[in-house]
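Inspection log for the structure reproduced underneath, given as structure tokens.
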Amino acid sequence: MTDTDIGLWGVPLAILGGAIRVSTPFLFVSLGECLTERSGRINLGLEGTLVFGAMAGYAIAYETGSAWAGVLAAAIAGSVFGLVHGFMCSLPRVNDIAIGIALMLLGMGLAFFFGKPYIQPVAPDLPAIEFGLWSDLPQVQAALRVNVLFLIGAALAVFLWWVFRATRVGLIVRVVGDSTDAARAMGLRPNQVRIASTAVGGALAGVAGSYLSLYYPGSWNEGISSGQGLMAVALVIFARWNPINCFLAAMLFGGAGALGPALQSVGVTSGYYLFYAAPYVLTLGMLIATSSTTRALTGAPGELSITK
């Protein structure tokens, strides 16, 4: 391959590699929120859960010397936030949106307080699989260096799609999300199902945070999230509460987030920073595109607060 060919393929390869890297936290947070919302509850506290998960994962990975121990700790921390959110929202006359905002602020505040000693220390990174070793080109190798969590997230998207479509557990979550009265008539306990769903959703958001601190960008700092937890809520609405669509939408967000670094990697030094705003512009555009009265709530669970 000539230098000209490398130049032509440089930006697409950089965007592909960047999309895989950037999309992974979006993927985990959106899958967790998809499960939570399919049970009839919305969690706007995911930003705080993600940031606290990033701090907890980094701290435990540094203290133990194991990145996977950090991922487990982040998942546990996220599930605790999910349990608190789910339990509080099960109380009478409690608004899940207000509780989510409160927990978002709490999670970010706790992460900033407990995470200060870990801003400088270096924790071990999560492993990646080198799918590009067949090529001599560093651009191909970099683009096909895939973190294990991305592969787990892709498999999880398919698994959740299958669970919702073909299993009793998925049917229970869908029934509870569509009608509390119908669920109770079937002998189900809606609050318990929603608490469990919110806890699992929080655990996945915590895993997303650990990816940020332990792989990309691979450090802990107070501005690590950049609003990805909140953007994931919009992503789930755009994906119409479908796990497979969540994967595709996460890749779209990842590609948008990779535009700026991709242009910088091929020598574009003027104006490339404007493309760093692409994910936020895309979020705004998706919300506008899906806000029509005929499309906004298509596929939305009936008990979700935004449908009432």
For this session: Applying side-chain contact (heavy atoms from CB on, under 4.5 Å) between Val233 and each of Thr36, Val29, Ile42, report the one that passes.
Result: Ile42
For this session: Tell me, yes or no, whether the heavy-atom count around Tyr215 atom OH, taken from other residues, nucleotides or ligands under 6.0 Å, exceeds 12.
Result: yes
Exercise. With side chains defined as the heavy atoms from C-beta onward, is the minimum distance between Thr198 and Leu83 less than 4.5 Å?
Worked result: no
For this session: Would you confirm whether the ring centroid of Phe52 sits within less than 6.0 angstrom of the ring centroid of Phe81?
Result: yes
Seminar exercise, completed: Rounded to the nearest 0.5 angstrom, the CG-CG distance for Leu204 and Leu35 is 7.5 Å
Exercise. Roughly how far, to the nearest 0.5 Å, is the CD1 atom of Ile101 from the CD1 atom of Ile97?
Worked result: 7.0 Å
Problem set entry | Counterpart residues, salt bridge (charged side-chain N to carboxylate O under 4.0 Å, His left out), relative to Arg145 (two or more places apart) | Glu130
Exercise. Should the heavy atoms of other residues, nucleotides or ligands under 6.0 Å from CZ of Phe112 be counted, would the total exceed 12?
Worked result: yes
Exercise. How many angstroms lie between atom CG of Leu144 and atom CG of Leu133, to the nearest 0.5 angstrom?
Worked result: 9.5 Å
For this session: Measure the spacing between CG of Leu248 and CG of Asn242 and express it to the nearest 0.5 Å.
Result: 8.5 Å
Seminar exercise, completed: Correct closest heavy-atom pair for Thr64 and Ala69 would be OG1-CB, 3.6 Å
Exercise. Is a side-chain N or O of Asn43 found less than 3.5 angstrom from the main chain of Gly100, in a donor-acceptor match?
Worked result: no
For this session: Check whether any side-chain N or O of Arg41 sits under 3.5 Å from a backbone N or O of Leu304 as a donor-acceptor pair, and report yes or no.
Result: no
Exercise. Does the pair Val200 and Ser79 meet the rule for a side chain to side chain contact (heavy atoms under 4.5 Å, CB included), with working shown?
Worked result: CA-CA 6 Å; Val200 175; Ser79 66; over 6 Å; no
Exercise. Would a distance-only check, ignoring hydrogens and angles, find a side-chain to backbone donor-acceptor pair under 3.5 Å from Ser179 to Val175?
Worked result: no
Exercise. Is the closest side-chain heavy-atom distance between Phe150 and Met251 below 4.5 Å?
Worked result: yes
Exercise. Taking the side chain as C-beta and beyond, is there a heavy-atom pair between Leu126 and Val71 under 4.5 Å?
Worked result: yes
Exercise. Of the non-hydrogen atoms in Leu235 and Ser30, which two are nearest, and what is the gap between them?
Worked result: CD2-CB, 3.4 Å
For this session: For residues Ala19 and Gly255, report the shortest heavy-atom separation together with the two atoms involved.
Result: CB-N, 3.6 Å
Exercise. Is it true that a side-chain atom of Arg240 and a backbone atom of Asn245 form a donor plus acceptor pair closer than 3.5 Å?
Worked result: no
Seminar exercise, completed: What one should report as the nearest heavy-atom pair of Ala75 and Val207 is CB-CG2, 3.8 Å
Seminar exercise, completed: Sorted by chain and residue number, the side chain to side chain donor-acceptor pair (under 3.5 Å) partners of Ser225 (sequence neighbours excluded) come out as Glu47
For this session: Verify the cluster assignment for Val281 and Leu252: are they in a single hydrophobic cluster under the rule of side-chain heavy atoms below 4.5 Å apart?
Result: no
Exercise. So how far is it from Ser23 OG to Phe28 CZ, rounded to the nearest 0.5 Å?
Worked result: 10.0 Å
Exercise. Do Arg194 and Thr180 get their side chains close enough for a donor-acceptor pair, meaning under 3.5 Å?
Worked result: yes
Exercise. Minimum heavy-atom separation for His85 to Ile99, with atom names?
Worked result: CD2-CG2, 3.8 Å
Exercise. Distance from Ile172 atom CD1 to Arg38 atom CZ, nearest 0.5 Å?
Worked result: 14.0 Å
Exercise. Do Met108 and Phe114 share a hydrophobic cluster, counting only Ile, Leu, Val, Met, Phe, Trp and Tyr and linking them when any side-chain heavy atoms are less than 4.5 Å apart?
Worked result: yes
Exercise. Are the side chains of Pro25 and Tyr216 in touch, meaning some heavy atoms are under 4.5 Å apart?
Worked result: no
Exercise. Does Lys116 pair with Glu222 as a salt bridge, N-O distance under 4.0 Å?
Worked result: yes
For this session: Heavy atoms only: give me the nearest Ala208-Leu50 pair and the separation to one decimal.
Result: CB-CD1, 4.0 Å
Problem set entry | Student check: side-chain heavy atoms of Glu303 and Val176 closer than 4.5 Å | no
For this session: Check whether any side-chain heavy atom of Tyr211 sits under 4.5 Å from a side-chain heavy atom of Asn147, and report yes or no.
Result: yes
Problem set entry | Test item: Leu214 and Trp220 side chains (from C-beta on) under 4.5 Å apart, heavy atoms | no
For this session: Give a yes or no on whether Leu110 and Ile60 share a hydrophobic cluster (residues Ile, Leu, Val, Met, Phe, Trp, Tyr; joining criterion: side-chain heavy atoms under 4.5 Å apart).
Result: no
For this session: Run the numbers on Leu212 and Gln228 for side chain to side chain contact (heavy atoms under 4.5 Å, CB included), then give the verdict.
Result: CA-CA 11 Å; Leu212 289 174; Gln228 294 184 40; 3.9 Å; yes
Exercise. If only atom types and distance count, is the side chain of Tyr58 paired as donor or acceptor with the main-chain N or O of Ala123 below 3.5 Å?
Worked result: yes
Exercise. Does the side chain of Trp162 reach to within under 4.5 Å of the side chain of Thr167, using non-hydrogen atoms?
Worked result: yes
For this session: Spell out, yes or no, whether Ile195 and Val84 are grouped together once hydrophobic residues are joined by side-chain heavy atoms under 4.5 Å, including indirect joins.
Result: no
Exercise. Going by distance alone, is a donor N or O of one side chain under 3.5 Å from an acceptor N or O of the other, for Tyr118 and Glu63?
Worked result: yes
